[in-house]
Each structure stands twice: as C-alpha cells, then as structure tokens.
Amino acid sequence: MYSRRQWINVAAATISAVLLGVAATPAIAAEKVTVFAAASLKNALDAANAAWAKEGGKEAVASYAASSALAKQIEGGAPADIFMSADLDWMDYLAKKNLIKADTRSNLLGNKIVLVAPKDHAKPVDIKKGFDLAALLGDGKLAMGEVKSVPAGKYGKAALEALGVWPSVEGKVAGAESVRAALALVSRGEAPYGIVYQTDASADPGVAVVGTFPADSHPPIIYPIAVLSESKNPDAAAYLEFLKSEKAAHFFADQGFTILK
C-alpha cells in the first residue's frame, strides 16, 4: 500500500509526464494542397506556389505531367485537390465522370504553339500554308507531344493539318510523353525542330523560337482549372482563388501565358 505522500508523488509524476507529452507533441501540420498540373505550367506554378506559402504559411505541392496522364491518374483514384489541364478535352473527360466540382471550374490561361530549334542552329521559319517543314527536318525528327493524347501534340498536329504539312512530316514525328519531354529533345540537339508552347520555349535557354503557328490553324489553347470532387482539403478553394487573383497573375504572364478573364 502506498502512503499518502507516496500517492502524492505518483500523481505528481503522472501529471508531469502527461504535460511533457503534450508539450513534446508537435502541432498537426496543415494539410498540403496537392495540384495535378500540365507540364507546361511548371515554372509559373512553382513561383505562384512559393508566393502562396509566403503569404499564408500554407503549402501547395504540384505534380507535373501531360494532362492526359494526370487525368487518368485522377480517374484511377490518385489523391489530389486541384487539376490544371492544358486543354479542355481532359477537363471535360473528368467532368463527364463527375470527378471535378463543376461550380469551381474556370478557364484560367491561354498560350501559343511555336516551332523551336536548338539555339545554336536557329534560323527564322516562315510558318504558312504549305511551308516545307519536311525539307527543314531532312533526316531528323520533329519533336512534339504524343499527338493522340498530349494537348501540345494535339494542337501541333491540328496546325500542321490546317497548313497542309502533316502528310509530309507524319513519319518524322518523335512523339514524347509530355511537352517538356519534347522540348528536351530539341534542347539536347536530338531533334532539329520541335513544336512546343511559347511558354516552354521561354523556359529553356537551349532553344530558340523560329516561328509561331497562326492562332487560326488550331483550336484555342485554353488551360482550365477545377477542384476535384474527392478533395476534402479546406484550403483548396482559397488556393484556387489565389491562382485566379491579381496576386498570382504576373507569375503566369511573366512566362508568356495569356490571362483569361
């Protein structure tokens, strides 16, 4: 049996242990906002995410890939809060499966597609109806995103078809898993030309823009954004509004995106 003093000592030790345990337990960190974003958004979105963290002390983590790959991952149950696509088709794909919160969807950005070449070998190309891209390529390859799935590849193919060039270069295409992968092929000198977004060309000092495709040669390049249906993150809505605000606009404009209102 414990004496009165022993009981007091035991109780005091127990209370101290509990208090120390509480003090030693770190505060539960706020849940990070997880963003699945088109590869072409990397530079701009990284800068915007850093500003978001600095402003509110909350973190957003982005996973970059082709919009097609990201949409399939979301369909497969990959955990994410926000989807930023490089075209309407893949956002529509998720919308039809009720995987986005429809009332959060909006068109955020616009872009252009350009023809790029390694910087040391870049000469201007007059992109017009029937221009001889096949001759410019010679035995080399035309780097571009996969034309059946990657938005930049789909836009590029549409432009080449509209200009009457596609049949002559179809066999020369080196299809890449994302627009950034296509850009890398040109930057490393593995392809003499590539079709990428204007914003990607601006982000890589190893390439130069040699021509811009006419806007009417392909569907409008639109980047929609939405919160995903499975997101339970209380910060997702605020993050979305931040990206749509003037505070974030210049990060995208600085990379060459058009801000859509």
Side-chain angles (χ1 to χ4, degrees), residues 35-49 51-52 60 62 64-71 82-95 100 102-116 127-128 144-147 149-163 176 178-183 194-204 207-227 239-261:
V35 189
F36 276 17
S40 51
L41 289 163
K42 179 172 173 47
N43 295 64
L45 192 58
D46 281 351
N49 285 347
W52 161 258
Y64 300 104
S67 301
S68 52
L70 295 172
I82 303 283
F83 180 45
M84 300 178 71
S85 176
D87 71 355
L88 298 175
D89 289 348
W90 286 109
M91 188 65 81
D92 290 342
Y93 178 85
L94 294 183
I100 66 168
D103 60 342
T104 69
R105 177 177 176 171
S106 65
N107 294 333
L108 185 65
L109 304 168
N111 211 337
K112 298 177 181 178
I113 52 171
V114 297
L115 188 68
V116 294
I127 297 179
K128 59 184 181 181
M144 55 193 298
E146 288 287 353
V147 299
S149 58
V150 178
K154 293 160 63 179
Y155 291 127
K157 179 184 177 183
L160 294 174
E161 287 178 332
L163 297 171
S178 72
V179 66
R180 286 296 173 100
L183 179 70
I195 298 176
V196 300
Y197 296 119
Q198 174 182 272
T199 52
D200 294 300
S202 300
D204 191 330
V207 306
V209 174
V210 296
T212 300
F213 286 87
D216 61 0
S217 67
H218 55 80
I221 300 173
I222 296 173
Y223 288 66
I225 185 171
V227 177
Y239 174 77
L240 181 68
E241 289 307 310
F242 172 76
L243 291 185
K244 294 163 62 176
S245 73
E246 291 298 326
K247 294 178 183 179
H250 72 93
F251 296 115
F252 298 106
D254 288 349
Q255 294 296 322
F257 288 100
T258 302
I259 310 300
L260 302 181
K261 299 295 185 182

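- Between Asp92 and Arg105 the shortest side-chain heavy-atom distance falls below 4.5 Å.
- Tyr197 has its side chain out of reach of Leu183: every pair of non-hydrogen atoms, C-beta onward, lies at least 4.5 Å apart.
- Atom CG of Asp200 sits about 9.0 Å away from atom CG of Leu41, to the nearest 0.5 Å.
- At distances below 3.5 Å, at least one donor-acceptor pair connects side-chain atoms of Ser85 with backbone N or O atoms of Asp87.
- Heavy atoms only, all atoms of each residue included: Ala201 and Val114 are closest at CB-CG2, 4.2 Å.
- Leu240 contributes atom CG, which lies 5.0 Å from atom CD1 of Ile82 (distance to the nearest 0.5 angstrom).
- Closest non-hydrogen pair, Ile113 versus Ala159, comes out as CD1-CB, 4.0 Å.
- Summarising the local packing, NZ of Lys112 is surrounded by 12 or fewer heavy atoms from other residues, nucleotides or ligands at distances under 6.0 Å.
- In this structure, the side chains of Leu243 and Val35 stay at 4.5 Å or more apart for every pair of heavy atoms.
- Put simply, the side chain of Asp204 does not reach to within 4.5 Å of the side chain of Val116, judged on heavy atoms.
- Panel note: side chain Trp90, backbone Ser149; a donor-acceptor pair is recorded below 3.5 Å.
- In terms of the side chain to side chain donor-acceptor pair (under 3.5 Å) criterion, Lys157 has no residue partners (sequence neighbours excluded).
- With contacts defined as side-chain heavy-atom distances shorter than 4.5 Å, the pair Val209/Gln198 does not qualify.
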Sequence neighbours left out, cut at 3.5 Å: what donor-acceptor pairs do the side chains of residues 212-226 make with other protein atoms?
{"from": "Ser217", "atom 1": "OG", "to": "Pro214", "atom 2": "O", "distance (Å)": "2.6"}
{"from": "Tyr223", "atom 1": "OH", "to": "Ser40", "atom 2": "OG", "distance (Å)": "2.8"}
{"from": "Tyr223", "atom 1": "OH", "to": "Asn111", "atom 2": "ND2", "distance (Å)": "3.1"}

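- The shortest non-hydrogen separation linking Leu45 to Ala62 is CD2-CB, 4.1 Å.
- Here the shortest heavy-atom pairing between Ser67 and Phe83 reads O-CZ, 3.8 Å.
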Going by atom type alone, with no hydrogens or angles, which donor-acceptor pairs under 3.5 Å involve a side-chain atom of residues 251-259 and a protein atom two or more places apart or on another chain?
none

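- Nearest approach of Phe242 to Ala51, heavy atoms of both residues: CZ-CB, 4.0 Å.
- A donor-acceptor pair is defined here as one N or O able to donate and one able to accept, closer than 3.5 Å; such a pair exists between the side chain of Thr104 and the backbone of Val227.
- Ser178 approaches Ala66 most closely through the heavy-atom pair CB-N, 4.1 Å.
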